[in-house]
Amino acid sequence: MPDSLAPDFTAATVNEPFRTPSGGRIDRAKPVTFSFDGKAYSGVAGDTLASALLAHGVHLMGRSFKYHRPRGVMTAGSDEPNALVTVSRDAGRTAPNLRATQVELYEGLSAISQNRFPSLGFDVGGINDRFAALLPAGFYYKTFMWPRSFWDRVYEPVIRASAGLGKVPTAPDPDRYLQRHVHCEVLVIGAGPAGLAAALAAAESGLRVILCDEQNEFGGSLLADTSSLIAGKPAQVWLAETLAELAGYSHVTLLPRTTGFGYYPHNHVGLVERVTDHLASPDGAQPRERMWQVRAREVVLATGAFERPLTFPENDRPGILLADAATTYLNRYGVKPGKRAVIAAANDSGYRAALALAEAGVEIAAIADLRRAPSGTGYDAAKRAGLPIETGKTIAGTSGKMRVDGASIASVGEDGTVWKTQDIACDLLLMAGGWTPTLHLYSQSLSKLRWDDTVQAYVPGAVAASQALRAAGAASGAYGLEAALSTGFKAGNDAAVAAGGDAVTTRVFVTVCPAGDASTFLGALPHNRDANRVRAFVDFQNDSTAKDLKLAVREGFRSVEHAKRYTTTGMATDQGKTSNMPMLGVMAQAQGKTIPEIGFTTFRPPFTPTTFGNFAGAARGDLFDPIRRTAIHHWAEGEGAVFEDVGQWKRARYFPRQGEDMHAAVARECKAVRGSLGIFDASTLGKIEVVGPDAAEFMNRMYVNPWTKLGVGRCRYGVMLREDGFVYDDGVVGRIAEDRFHVTTTTGGAASVLNMMEDYLQTEWPDLNVWLTSATEQWAVIALQGPKAREVLAPFVEGIDLSPAAFPHMAIAEGRICGVKTRLFRVSFTGELGFEINVPPSEARRVWEALYAEGRKHGITPYGTETMHVLRAEKGFIIVGQETDGTATPDDVGLTWAIGKAKKDFVGKRSLTRPGMMESKRKQLVGLLSADGRTVLEEGAQIVADPRQPKPMTVLGHVTSSYMSAALGHPIALALVEAGRSRMGETLQVLVPGRGSVAVKLVSPVFYDAEGARLDVV
Amino acid sequence: MLIIPCPHCGPRPELEFRYGGQAHIARPVDPSPLTDQEWASFLYSRDNERGIHAERWRHIHGCARFFNVVRDTTTDQILASYKTGEARPEGV
């Protein structure tokens, strides 16, 4: 059946043969229609997808991961390993791997099963099951070894196509996701009886309390409890009253449908609230999910316990459920999970399920108890009720294809021998294997788990030093309603006191309820069949069996962490909620050790699969990262500029005219600057104001250059190293006053340069009297470059004599332009006569437009970063991060001249005399000319002496910058080449992938106007 | 996410801070007489503690000041927080 087949809701199957006539927390008066694999069904308000399908007798809900075995729903909660479905509203709103047990029904819900082709009933991949003997643990590792060439082209595509669970959506997610940061004194996770009691105690203290639960309704086990009394009232009446009481507190926040998914340091807990997934037509104003980042003073984990499956042969057929899940389906959802049940019991929950089912008219064919002498409230009641109880029995196997149709019950002798007694027909087989406290979050907090022999489970141990939490109820190993309420209330009270609240009066919850029972059986159940042939599943979702685990132990995987990865037990989307303890049981059995001796695996977030949207929140699209725009941005946009991202900045890259590509535009812009005048937005340059009596001394220590003698009103090109001697940043520095420097940095380096300066100033030289201030966004920078620059600029400037003698190259002055204060630099990154006009950003566009209007007389041309790069490369000026890569010394890139030779020390100086920094074979900056005069080299291309040498070749260097030079009429390139300065005039080869190599001649990196005459055109 | 006590501003979430590496590694007042080995050690050798570690943080989105923290790297417990230039407190 194709997935796209639109269901015909008018043909919905409305007869729900397994629905009870009354009872449960569903509303039979509110029918809901939904579809599963294209077939329409009816359900009622309050159903989950799983309960509604069970009401129709549909157990088959999925195919297993590896063997494609038919699988039915096994649990009634977040521990479900089998019934994974994809729920789809549209192409972008498609959620795979949802547990049918947690999907709330809404009108029109459309779900499809997974991991089957073409349909659940007939699955081609089911052939794997026939060849199971050929698919042992580690099958992939052992089989797909050779030939090597098949890894990427054959094995991986085939394996990927046949493996995997759900499929990802095909369109972008259109929904909104929000995040909220909150503080509270007490966070209670889990709103079963223990969590409710904890919240009551904490709420009475008046502190801020948050109570959350992953289910749609608060109540936990109370939701399926139809027999217990609390304070003389039926459990569900007490529940309603308690919820009303909690809702009455303004300082208590109640969050249903909210999963505590991660426990992070310092009591930082991540909750995800599913806001709209349960609604037929979500309100567009609501986010789909809301992540609550809670910082709680104290946390109470009332997360309950998961029931353990039993590991017997063929324990995975549809119709085989956990006992407590059957009770939940019956009592909470009004659904009978079958007609004739066999119960495999190692715990009293099996008897409680049997009693409830029997009362609802389900035939109890047998209760096979592994124990010889069981006891318990449920056992006693079942015995009184005359249910068929057999003790000392195991399940030796099951039968049935798409649904279980029989169970083999066998006797276990005192010596462990097993003999078959009978095959019993049934359509429902329940497993009551005992309980595992849900301690995922406890473990995530780095608090210790402790093995408790009495409850045969890991229970909360020492709390991690940086955390403040406690567990209560079944999560703490205290089973039964009475214990849940009393330990919960105590935990809530203790948490409130620890968070600074007052102790509250003790409450005693008088209960009439079944006693808690910690009985269990861990390990594979004994049977009398060929151990090499039968499969008893441990991890249902990943299809790993007791046999696989035993094989892993035989092959030497002693560590539980290794065996887990080798067999993939506990590694599927359910993260082993039902399989971890059975795995430990089988491993311990196989090694002849106790469970605490073999250890356990680590729990990691998230508790259940969590959407990417939850983590991304609003940070996507335009809001993914801040966008920084200059004051000139919109002008450039109006001129048709093409922008590029430089860090968070948007920078105009070039200004194409009609029909121009980038090369044509850049060539035109370059010619304009060299021939007449260009205007460039340099506002993104980092700017740092260095001020104070010790400013010059501080600059001396931070930069390689000498600063003491730099005159006021003069500039210098500064080079900054890291302490390891490698070039870190560069930029022009102007001395505004004796005690004031205007430092510019690279666009990308502004923040990190300031951080490094602050680091030295605060921690190494606190004695220096210097203040550092970021001024990047206080100054917009207009670069006016070209022979006509002075002529166009002059009429607008007041208070600065621009004549060459008064205002030479590398001068700076303060004055006014267009009536606005300016710091005017005479500097050039192009090699032409140039000015950089710093003005407040609020005035920058007005100044820019005034200069532009005046410049039009001379053909002023706006240019972008691409032209800026070409012009500087023609002059051999480096760009930090392009010619340097964090391993270039000043000498490597030809900047030795900048170093103040007389200075005793500066950051990085000592490193420059380490042996490796002075090697003659270091790579040095050179110019390259293509021998053919035409080829523009590829940046990053490797340079060799002989391209025909055997691989791996001896690489002499690489191309760092490469452009077509409009001014010169041929391509130019900069490169770092081993001992490059001693190779001037030599010819080397630049490798071109797939096309051999290009011969290049090594020349000086200064290609244009080497004598600098153009700086002083009059 | 840690809660880091800034000695100037009080406890703040980790998002407001930037890590600054191991604390109490003073730059030599005069690096020139150091041997290459000594200088390399200053540049590159850092402790990689499993346990109690003194480290620098900068409250970059707050007061912008560097300060020192003693943290247990196995539990993230913060045992002390003190200003730059102050000695590591006794006993932590």
Side-chain angles (χ1 to χ4, degrees), chain A residues 181 183 262-270 293-297 445-448 462-468 701 721-726 751-752 754-767 771-774 903-918, chain B residues 1-5 8 11-44 51-52 55-61 63-69 71-79 83-86 92:
Chain A
H181 295 255
H183 293 261
Y263 206 118
Y264 304 98
H266 296 186
N267 263 25
H268 179 214
V269 183
Q293 296 205 42
V294 183
R295 192 69 78 159
R297 194 69 70 79
S445 79
L446 300 182
S447 299
K448 299 287 184 220
V463 172
S466 77
Q467 311 281 29
R701 297 186 193 184
L721 310 183
R722 295 188 311 224
E723 200 68 272
D724 61 11
F726 297 121
S752 50
L754 179 60
N755 189 66
M756 182 162 142
M757 286 183 171
E758 283 284 359
D759 192 343
Y760 280 95
L761 184 60
Q762 291 183 33
T763 69
E764 300 292 354
W765 310 315
D767 52 309
W771 285 90
L772 305 172
T773 308
S774 167
K903 291 205 295 180
K904 264 194 75 179
D905 191 16
F906 54 80
V907 172
K909 179 178 168 70
R910 175 64 186 81
S911 293
L912 298 179
T913 53
R914 297 182 69 214
M917 307 293 270
M918 301 190 297
Chain B
M1 189 172 26
L2 308 178
I3 292 279
I4 298 173
H8 306 283
R12 295 287 188 277
E14 188 181 340
L15 278 177
E16 296 183 11
F17 298 85
R18 174 175 172 149
Y19 190 63
Q22 187 175 344
H24 303 301
I25 296 184
R27 184 179 192 272
V29 177
D30 181 7
S32 57
L34 267 59
T35 64
D36 285 333
Q37 191 55 47
E38 287 165 341
W39 182 250
S41 168
F42 161 73
L43 283 180
Y44 299 119
I52 312 293
E55 61 198 15
R56 308 186 320 151
W57 287 84
R58 184 178 181 209
H59 195 187
I60 191 158
H61 300 299
C63 64
R65 280 188 269 197
F66 284 87
F67 60 96
N68 300 317
V69 159
R71 181 175 63 100
D72 185 331
T73 60
T74 60
T75 64
D76 279 329
Q77 186 182 15
I78 290 177
L79 303 163
K83 293 175 184 171
T84 292
E86 291 179 356
V92 293

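Computation of the quantities below employed the complete heavy-atom set of this structure, encompassing side-chain atoms and omitting hydrogens, waters and symmetry-equivalent molecules. Residue numbers begin at 1 in each chain, while the letters A, B, ... track the order of the sequences. On a predicted model such as this, the values are computed, not experimentally measured, just so you know.
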What distance do [X] atom [atom1] and [Y] atom [atom2] have between them, rounded to the nearest 0.5 Å?
{"X": "Thr75(B)", "Y": "His266(A)", "atom1": "OG1", "atom2": "NE2", "result": "7.5 Å"}
{"X": "Thr763(A)", "Y": "Asn68(B)", "atom1": "OG1", "atom2": "CG", "result": "9.0 Å"}
{"X": "Asp759(A)", "Y": "Arg27(B)", "atom1": "CG", "atom2": "CZ", "result": "11.5 Å"}

Structural part of [X] lying under 4.5 Å from a heavy atom of chain B:
{"X": "Arg722(A)", "result": "neither"}
{"X": "Asp724(A)", "result": "both"}
{"X": "Lys904(A)", "result": "side chain"}
{"X": "Ala465(A)", "result": "both"}
{"X": "Glu758(A)", "result": "both"}
{"X": "Thr913(A)", "result": "backbone"}

Selection from Leu34(B), Asp76(B), Ile78(B) maximising heavy-atom pairs under 4.5 Å formed with chain A: Asp76(B)
Examine whether an atom of [X] lies under 4.5 Å from a heavy atom of chain A, and if so say whether it belongs to the side chain, the backbone or both; otherwise answer neither.
{"X": "Leu79(B)", "result": "neither"}
{"X": "Leu2(B)", "result": "both"}
{"X": "Asp30(B)", "result": "side chain"}
{"X": "Phe67(B)", "result": "neither"}
{"X": "Arg58(B)", "result": "side chain"}

Nearest heavy atoms of Gln293(A) and Met1(B), plus distance in Å: OE1-CE, 4.2 Å
Non-hydrogen atoms of Arg910(A) and Pro31(B) that approach each other most closely: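 Answer, listing the atom of Arg910(A) first, then Pro31(B): CD-O, 3.2 Å.
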More than 12 heavy atoms from other groups under 6.0 Å of CZ on Arg297(A): no
Asn755(A)/Phe66(B) under side chain to side chain contact (heavy atoms under 4.5 Å, CB included): CA gap, chis, key distance, verdict: CA-CA 10 Å; Asn755(A) 189 66; Phe66(B) 284 87; 4.1 Å; yes
Close side-chain approach of Thr84(B) to Pro766(A), heavy-atom, < 4.5 Å: no
Closest-packed option against chain B by number of heavy-atom pairs under 4.5 Å, given His268(A), His181(A), Gln762(A):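 When all of His268(A), His181(A), Gln762(A) are compared, Gln762(A) has the most.
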Side chain to side chain contact (heavy atoms under 4.5 Å, CB included) between Val29(B) and Glu764(A), worked out: CA-CA 9 Å; Val29(B) 177; Glu764(A) 300 292 354; over 6 Å; no
Pair Phe42(B)-Glu723(A), side chain to side chain contact (heavy atoms under 4.5 Å, CB included): steps then yes or no: CA-CA 10 Å; Phe42(B) 161 73; Glu723(A) 200 68 272; 3.8 Å; yes
